[in-house]
Protein chains: 2
Amino acid sequence: MADLETSRSNTKDILRDHARRLFAERGYEGVSMRDIAGSVGVQQSAIYNHFASKQHLLVDLMVDHMEDLIRSMRAAVDFRATPREQLESFVRFHVNYQLDNPDALFIAYMELRSLEPEGRETVVVLRDEYELALRGILDAGDAAGEFEVTNPAVVARCILAMMTGVTVWYKETGPLGREAVVDVFAETILRSVGCSSATAEC
Amino acid sequence: MADLETSRSNTKDILRDHARRLFAERGYEGVSMRDIAGSVGVQQSAIYNHFASKQHLLVDLMVDHMEDLIRSMRAAVDFRATPREQLESFVRFHVNYQLDNPDALFIAYMELRSLEPEGRETVVVLRDEYELALRGILDAGDAAGEFEVTNPAVVARCILAMMTGVTVWYKETGPLGREAVVDVFAETILRSVGCSSATAEC
DNA sequence: GTCTATATACCGATAGAC
DNA sequence: GTCTATCGGTATATAGAC
């Protein structure tokens, strides 16, 4: 299909790319349809040929992102491995994904409040699905005696919050390389569940 | 001073309380001066008797919050104690403060982008001061051999992100008590620096 | 599918009466 | 110090020419 190859450069996709960046930078409420159109180089009314409203544009971005995130996570984590290996894979996947797609993840985390009830419910279901995958790893590790986790539900949210925050401060141009950051996260999080690569426990 | 006793119920303080809640719920850009005034029960123009602009109102909220946060942290953490005790005090203080003042902390974390350069610089200095206090504890513990921290600067930010995220999901009315949440944070974070109350190491 | 022009509503901020 | 009234500007969304 030739269409698939050129779909990345059609107006709709370009609009999505610019809207994603602007929403992440200034927030949904802080960006106008004129801002998005101006960034792309079209008139404001042209957006309505591709999205029914500003709200539909936000929902489109968030749902597509969550579906891609879950799909990618499932491809990156081998759920037949040991809980320790699953957790390390999950963390390394998530931090890398976060650094590759900082805007999409930041929006998914922050702009739930800007969604009207219908779209909000759809996104929350997807977010819970992702969170439950991590919680399942913690539960399994706890049951197998590999981890020491007082409360898997709380710890899962702590771990996600810690990782999601990385985009707030990490700059690719800074003194710290990406691999080093990923390593620190993997080590810190494995330690936090009582499981360190430096100990014999795991 | 009788003035101090009644200052909590004057119009300016009431405006601050309502603005803080609304900014946290919908974001700075998502709240209008009419929204704030309507919530308090005055006309929009009355706000300008107390704050020069919407931006001044935001800066006022953020600076006051950061100063109170730092003052309270210094009162709660005994910097003559061992690094382990300092870290546990810091974490327990922060999570409790976060649960007592979820809106103020959420705004300080999220609305830096809504600040114009002048106010932004003021708030960033205060935020760095707070972050450096935590980083100092990690450095001291690392130097004393009590902690295993690969990169104190990164870990300090991880710990803060983890704690700041608690307000996103924690509901006081939920199944988990506040003390239990604070305990999980203290335990998880001490573990993440290679230091657990269950081990002989600390 | 993009344009210009416009409808309708709301925005932050100010002026002046009381 | 709060009110009513209003200014100039911008918001989302739509209509209709091309």
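Lettering of chains follows the sequences in order, A, B, ..., and the numbering in each one begins at 1.
- Nucleotide D:dG1 holds its P atom 13 Å from the CG atom of B:D13, rounded to whole Å.
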(Q) Quick one, B:E131 with B:R135, criterion salt bridge (Lys or Arg N to Asp or Glu O under 4.0 Å). Give me CA distance, side-chain angles, the key distance, then yes/no. (A) CA-CA 6 Å; B:E131 184 184 309; B:R135 184 171 159 183; 5.8 Å; no
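- Which of C:dA13, C:dC11, D:dT12 sits closest to the side chain of B:Y48 comes down to C:dA13.
- The distance between atom CZ of B:F51 and atom P of C:dT14, rounded to the nearest whole Å, is 16 Å.
- Residue pairs meeting the salt bridge (charged side-chain N to carboxylate O under 4.0 Å, His left out) criterion with at least one member in residues 97-110 of chain A, sequence neighbours excluded: A:D100-A:R178.
- A cation-pi geometry, defined here as NZ or CZ lying under 6.0 Å from the six-membered ring centre and within 45° of its normal, does not hold between B:K54 and B:F23.
- Taking a cutoff of 4.0 Å between a charged side-chain nitrogen and a carboxylate oxygen, B:R191 and B:E187 qualify as a salt bridge.
- Near-neighbour residues of DNA chain C inside residues 52-59 of chain B, defined by a heavy atom below 4.0 Å, number-ordered: B:S53, B:K54.
- Residues B:L138 and B:F90 are not in side-chain contact: their nearest non-hydrogen atoms beyond the backbone lie 4.5 Å or more apart.
- Using modelled atom types and a 3.5 Å distance limit, the side chains of B:E111 and B:S114 yield a donor-acceptor pair.
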Q. How would nucleotides 3-8 of chain C be written as a contact map, 5' to 3', with B for base contact, S for sugar-phosphate-only contact and - for no contact, using protein heavy atoms under 4.0 Å?
A. BB----
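- A salt bridge links A:E129 to A:R74: one of the charged nitrogens lies within less than 4.0 Å of a carboxylate oxygen.
- Sorted by first then second residue, the side-chain hydrogen bond (donor to acceptor under 3.5 Å, both in side chains) pairs that include residues 37-53 of chain B, not counting sequence neighbours, are B:H18-B:S39, B:R21-B:S39, B:S53-B:H56.
- Identified under the salt bridge (charged side-chain N to carboxylate O under 4.0 Å, His left out) test for residues 64-73 of chain A, with sequence neighbours left out: A:R16-A:D64, A:D68-A:R71.
- Between B:H50 atom NE2 and D:dG1 atom P the separation is 6 Å, expressed in whole Å.
- Separation of atoms CE (B:M66) and CG (B:L61) is listed at 13.5 Å; rounding is to 0.5 Å.
- Taking every heavy atom of residues 19-33 of chain B and every atom of DNA chain D, no pair lies under 4.0 Å.
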